[in-house]
Visitor: 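This structure is in structure tokens; I'll ask about it shortly.
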Amino acid sequence: MAKRGSFVIWQLLLFVGVVFICTKSYGQAKIQPANADHGKIVLGVASFYSKSLQGSETSTGETLDQDKMTGASNFFKLNAWVRVTNLSNNKSIVVRINDRMHQRMADRGRVIDVTRGGAIQLGYLYRGLTRVKLEEVPPNTKE
């Protein structure tokens with residue numbers, strides 16, 4: 001019986017260790033500063049706005065429209081244009097940053113919240129979260 005109990009404890013410790021390692025690697029944002037070749041680049045996790053926020057006011061005073069290509073980020077200035085690339089499928093969109101994320105989300109490694117329309121374009125609406133690369137691009141960049 002003692003062997004069975006120690007086996008269960010080892011399984012539990014292994015599970016906790018794997019969860020800890022996955023959370024630490026999944027939740028860290030990496031920032032590469034701007035230089036002459038490119039704007040600032042940020043790697044991290046993307047999420048998307050809740051349906052309940054449709055019509056709410058963003059940090060720029062605009063009304064949130066889930067069909068527009070906008071986003072919330074604490075890593076870029078308001079009104080910055082950013083290319084968001086889903087690292088799992090290489091799909092990308094260009095969004096304008098018009099909102100800020102709650103600090104709690106940034107602490108969890110989130111680097112951007114996009115609209116639901118953006119999450120659909122990037123192919124992760126049903127996953128909820130995805131690893132992304134954010135690249136600052138010139139204003140009014142299209143794709």
Side-chain angles (χ1 to χ4, degrees), residues 4-143:
R4 172 80 176 139
S6 63
F7 179 72
V8 171
I9 290 172
W10 277 109
Q11 281 184 319
L12 181 62
L13 288 172
L14 179 62
F15 174 75
V16 169
V18 168
V19 168
F20 178 76
I21 290 168
C22 291
T23 328
K24 291 304 268 182
S25 63
Y26 198 66
Q28 298 297 319
K30 294 185 175 114
I31 304 167
Q32 183 178 0
N35 64 34
D37 295 332
H38 60 76
K40 179 171 31 174
I41 296 175
V42 178
L43 297 173
V45 178
S47 54
F48 57 88
Y49 284 101
S50 164
K51 284 182 183 179
S52 66
L53 294 173
Q54 175 70 20
S56 63
E57 187 176 331
T58 66
S59 296
T60 59
E62 300 168 59
T63 300
L64 176 65
D65 182 345
Q66 295 277 15
D67 296 323
K68 290 188 177 178
M69 295 296 129
T70 59
S73 181
N74 297 345
F75 293 91
F76 297 91
K77 294 178 181 177
L78 289 174
N79 293 310
W81 290 76
V82 176
R83 176 172 288 112
V84 183
T85 303
N86 183 343
L87 296 176
S88 68
N89 62 16
N90 216 30
K91 292 182 179 181
S92 69
I93 60 172
V94 175
V95 301
R96 186 173 53 83
I97 303 301
N98 70 343
D99 206 1
R100 293 291 179 218
M101 294 175 18
H102 192 282
Q103 187 59 44
R104 183 176 62 238
M105 293 296 110
D107 292 344
R108 293 180 183 172
R110 309 272 174 84
V111 294
I112 193 166
D113 273 336
V114 298
T115 58
R116 293 178 73 78
I120 291 168
Q121 293 283 324
L122 290 169
Y124 75 96
L125 182 69
Y126 296 107
R127 290 183 57 202
L129 302 173
T130 193
R131 301 263 315 142
V132 293
K133 176 171 76 170
L134 307 179
E135 302 169 88
E136 194 168 11
V137 296
N140 297 310
T141 298
K142 305 292 181 200
E143 296 305 311

Visitor: Check Arg100 against Ser59 and note the closest heavy-atom contact, atom names and distance.
Guide: N-OG, 3.3 Å

Visitor: Only pairs at least two apart or in different chains count here, so list each side-chain hydrogen bond (donor to acceptor under 3.5 Å, both in side chains) that has a residue in residues 66-76.
Guide: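 Passing the test, one end in residues 66-76: no pairs.
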
Visitor: Restricting to side-chain hydrogen bond (donor to acceptor under 3.5 Å, both in side chains), what partner residues turn up for Ser92, sequence neighbours left out?
Guide: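 Partners of Ser92 under the side-chain hydrogen bond (donor to acceptor under 3.5 Å, both in side chains) test: none.
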
Visitor: Could I get the full list of side chain to side chain contact (heavy atoms under 4.5 Å, CB included) partners for Leu87, not counting sequence neighbours?
Guide: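 Counting only residues at least two positions away or on another chain, Leu87 forms a side chain to side chain contact (heavy atoms under 4.5 Å, CB included) with Leu43, Arg131, Lys133.
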
Visitor: Please enumerate all residues that pass side chain to side chain contact (heavy atoms under 4.5 Å, CB included) together with Glu57, with sequence neighbours excluded.
Guide: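 Counting only residues at least two positions away or on another chain, Glu57 forms no side chain to side chain contact (heavy atoms under 4.5 Å, CB included).
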
Visitor: Please list all pairs meeting salt bridge (charged side-chain N to carboxylate O under 4.0 Å, His left out) that have one or both residues in residues 43-52, counting only residues at least two apart or in different chains.
Guide: none

Visitor: Excluding sequence neighbours, so at least two apart, what forms side-chain hydrogen bond (donor to acceptor under 3.5 Å, both in side chains) with Thr63?
Guide: none

Visitor: Do Tyr124 and Val132 have side chains that get closer than 4.5 Å, going by heavy atoms?
Guide: no

Visitor: Please list, chain by chain and in numerical order, all residues satisfying side-chain hydrogen bond (donor to acceptor under 3.5 Å, both in side chains) with Arg83, sequence neighbours excluded.
Guide: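 Scan of Arg83 (side-chain hydrogen bond (donor to acceptor under 3.5 Å, both in side chains), adjacent residues dropped) gives none.
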
Visitor: Going by the rule side-chain hydrogen bond (donor to acceptor under 3.5 Å, both in side chains), which residues pair with Thr58 if we only count those two or more places apart in sequence or in a different chain?
Guide: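 side-chain hydrogen bond (donor to acceptor under 3.5 Å, both in side chains) list for Thr58, sorted by chain: Thr60.
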
Visitor: Give the intermediate values and the outcome of side-chain contact (heavy atoms from CB on, under 4.5 Å) for residues Phe76 and Ile112.
Guide: CA-CA 10 Å; Phe76 297 91; Ile112 193 166; over 6 Å; no

Visitor: Should Arg116 and Leu125 count as side-chain neighbours, where that means a heavy-atom distance under 4.5 Å?
Guide: yes

